Amino acid sequence: MRQVIIHPERCVGCMQCMVACAVAHSKSKTLFGALQEKPLPRPRIHVGVGLYREGFPNRCRHCDPAPCIMACLPGAIYRNEEMDTVLINPDRCINCASCAMACPFGVIRYHEDSLGPEGKVVAVKCDNCVDRQAKGLVPACVEVCMTNALTFEEPDTSLKRKTDEIARRISVGAEERKAETAPGFSLLNTLKKAQTEMADYMV
Amino acid sequence: MRHVIIGNGIAGITAAETIRLLDPTSSITLIAGETFPPYSRPMLGMLVEGAIDDRQMILKEELFYREFQIDAKIGHWVEELDVPNKVVRTSKGERIPFDRLLIATGANPVRLSVEGSELQNIFFLRNREDAVKISQAAKSAKAAVVIGGGLVGLKAAHALRKRGLKVTIVEKLSYLLPLIADGRGGELVQREAENMGIEVITSAQVSGFEGGPRISGVFLEGATTITCQIVVVAAGVRPALSFVDPNQVQVRNGLVVNEFLETSAEGIYAAGDVAEVMDLVRGENRLVPIWPEAASQGRVAGINMVGFRKAYEGAMARNVLRFEGIDLLSGGLIGPDNGMNLRIIEYEDRGAGSYRRFVLNGDRLVGVVMVNKIEQGGVVLSLIKRRAALKIPDRLLQSPYFNFSQLLPRLG
């Protein structure tokens with residue numbers, strides 16, 4: 001089954017995925033509509049700042065077995081086997097934050113959700129855009145990602161590409177190597193690193 | 001193979017489910033004292049408050065037993081465990097033989113041995129029946145005293161205050177939540193409790209109860225009396241082991257188990273609040289009576305009972321409490337601890353209302369307390385659990401922008 005795969009080395013931290021995610025989980029499904037809604041739709045993917053100010057799109061890994069399912073006190077978190085997705089039933093959720101203790105990636109947030117029960121604070125996280133997928137669409141974060149830091153594909157395909165990349169790197173001369181990642185990414189990341197180190201040095 | 005499980009708490013039902021998934025043919029007998037379907041014990045506070053009805057606590061409907069082909073002995077309490085003959089005897093006189101036994105009987109609340117403790121309207125908050133009784137009594141009561149400022153005490157106090165009662169918490173130590181928070185964390189929770197109108201008395205001992213036949217007041221040492229119509233005793237729990245002969249199975253504070261959760265008696269396993277398991281942070285066997293560990297122990301015990309060998313990775317004490325407007329998450333060693341040379345980093349952001357305390361042993365994180373902004377708590381707890389060396393500067397942990405990506409190998 002196709003899954004959202006993150007390639008952190010390509011993330012430039014533009015946060016378009018967060019906007020797209022919030023819109024995809026709004027009532028209106030349009031940016032302008034979403035901005036008028038109450039509660040304001042919020043993203044389920046979070047671009048975190050790395051050690052060198054690089055971006056990292058952090059989202060639910062839909063682990064199997066999932067520690068949050070094991071930890072959920074009211075039994076609100078469950079796995080949708082068909083979609084290979086971990087989902088939260090907002091009606092059962094009691095906002096106890098037991099899943100906050102369980103998630104090693106820190107991807108769960110707690111707030112009133114535009115698609116959940118009115119006025120109730122619940123645990124909210126990535127749902128793999130199951131509604132969009134049912135309509136044949138790819139997850140919103142992937143659709144909007146300009147740098148291919150988020151891809152929607154078979155994990156095997158993605159793994160094979162990475163393996164091939166490494167194989168080519170060690171088996172032919174470096175000058176013959178076709179760059180898999182545009183040089184701009186390494187330049188950007190190198191610059192960010194240098195800036196961060198300089199800033200640290202000034203302090 | 002005849003599997004027998006004592007207890008239908010989270011450890012017992014998780015084990016039963018695991019055994020059935022791995023072994024479709026063996027017989028499973030589950031002995032359950034409580035007659036209500038398996039429910040989520042941590043939700044009892046909400047039941048007292050009236051925020052939920054009891055059906056909402058149910059984790060497995062009655063159908064569960066039939067669906068998983070579990071022979072459920074409901075309303076039976078185990079009175080005797082005969083280890084050499086591999087038989088348990090229940091309160092209804094049944095003798096149930098086993099090949100593999102799981103003891104998942106949980107724990108019982110600690111009783112106070114002071115004068116007047118037999119009076120009416122003195123309650124515990126441990127099971128559904130307790131919660132129902134407290135709710136009933138709360139209807140006609142004006143004031144309540146909660147003895148013990150731990151997690152259960154705070155939940156009880158919160159629920160009763162929400163119902164409009166005047167509530168006083170009496171805590172033996174100098175701050176609230178002494179087992180799961182440090183002094184500052186306890187203080188912040190106390191302030192929140194006081195903001196919602198709960199009176200908190202710390203460093204105080206209960207010396208007796210007055211009244212008859214119902215309670216009418218609590219005596220504190222130092223001659224203070226608090227008038228009340230309800231008392232909730234939340235002074236901790238002890239493993240429920242009355243049926244176990246310590247000459248037949250090794251017992252310390254609880255049932256001592258090895259890494260496969262087997263007790264000293266072959267074929268007899270223990271999981272949940274009753275078991276003394278390896279504590280990952282302290283590196284020694286002790287009671288870690290928390291719900292999520294009971295669930296994972298139930299699973300591991302079930303796997304081993306079926307005949308696969310699966311080691312339990314060890315327990316890490318951790319808790320989270322949402323108390324009115326404040327959230328507190330903690331885990332591992334809160335410190336200070338005499339045995340280890342610990343380094344403690346504290347950071348408070350009064351503007352944002354958040355507080356963090358990290359406890360380090362060398363370059364390893366061993367404990368944490370977080371007040372508010374607890375979303376990244378799981379990341380910190382997994383660092384403690386994996387006992388990995390902390391490679392990032394301390395200041396990053398303290399930052400509100402701390403996130404998972406900062407733990408990834410550095411780029412470039």
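Numbers restart at 1 for each chain; the letters A, B, ... are given by sequence-line order, proteins then strands. None of the values given here were measured: they were computed from a predicted structure.
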Given the rule in the side-chain contact (heavy atoms from CB on, under 4.5 Å) test, do B:Glu375 and A:Arg109 qualify, once you have shown the distances and angles that lead to the verdict? CA-CA 6 Å; B:Glu375 288 88 352; A:Arg109 296 292 180 276; 3.9 Å; yes

Quick one: what part of B:Ile374 sits under 4.5 Å from any heavy atom of chain A, side chain, backbone, both or neither? both

Is A:Lys160 salt-bridged to A:Asp164, going by a charged N under 4.0 Å from an acidic O? yes

Quick check on B:Ser296 against chain A: is it the side chain, the backbone, both or neither that has a heavy atom closer than 4.5 Å? both

Between A:Leu73 and chain B, with a heavy-atom cut-off of 4.5 Å, which part of the residue counts as in contact: side chain, backbone, both or neither? both

If we define contacts as heavy-atom pairs under 4.5 Å, which of A:Gly48, A:Gly55, A:Ser98 has the most with chain B? A:Gly48

Answer whether the closest heavy-atom distance between the side chains of B:Ile290 and B:Asn319 falls below 4.5 Å. yes

Bottom line for B:Arg41: the part with an atom under 4.5 Å from chain A's heavy atoms is neither

Less than 4.5 Å apart, any side-chain heavy atom of A:Phe105 and any of A:Cys63? yes

Segment of B:Ile58 engaging chain A (4.5 angstrom heavy-atom cut-off): backbone

Please identify, among A:Gly75, A:Cys103, A:Ala102, the residue contributing the most non-hydrogen atom pairs under 4.5 Å to chain B. A:Cys103

Output the option from B:Arg386, B:Gln406, B:Arg322 having the highest count of non-hydrogen pairs under 4.5 Å with chain A. B:Arg322

Can you say whether B:Met370 sits under 4.5 Å from chain A via the side chain, the backbone, both, or neither, judging by heavy atoms? neither

Kindly determine whether B:Glu293 and B:Arg318 satisfy salt bridge (charged side-chain N to carboxylate O under 4.0 Å, His left out), including the steps that lead there. CA-CA 9 Å; B:Glu293 290 296 359; B:Arg318 58 187 184 279; 2.8 Å; yes

Heavy-atom proximity to chain B below 4.5 Å, by part of A:Cys72: backbone

Does the salt bridge (charged side-chain N to carboxylate O under 4.0 Å, His left out) test come out yes or no for B:Glu17 and B:Lys60, once each step is laid out? CA-CA 11 Å; B:Glu17 208 170 10; B:Lys60 304 285 176 193; 2.9 Å; yes

Is the shortest side-chain N to carboxylate O distance from A:Glu54 to A:Lys193 below 4.0 Å? no

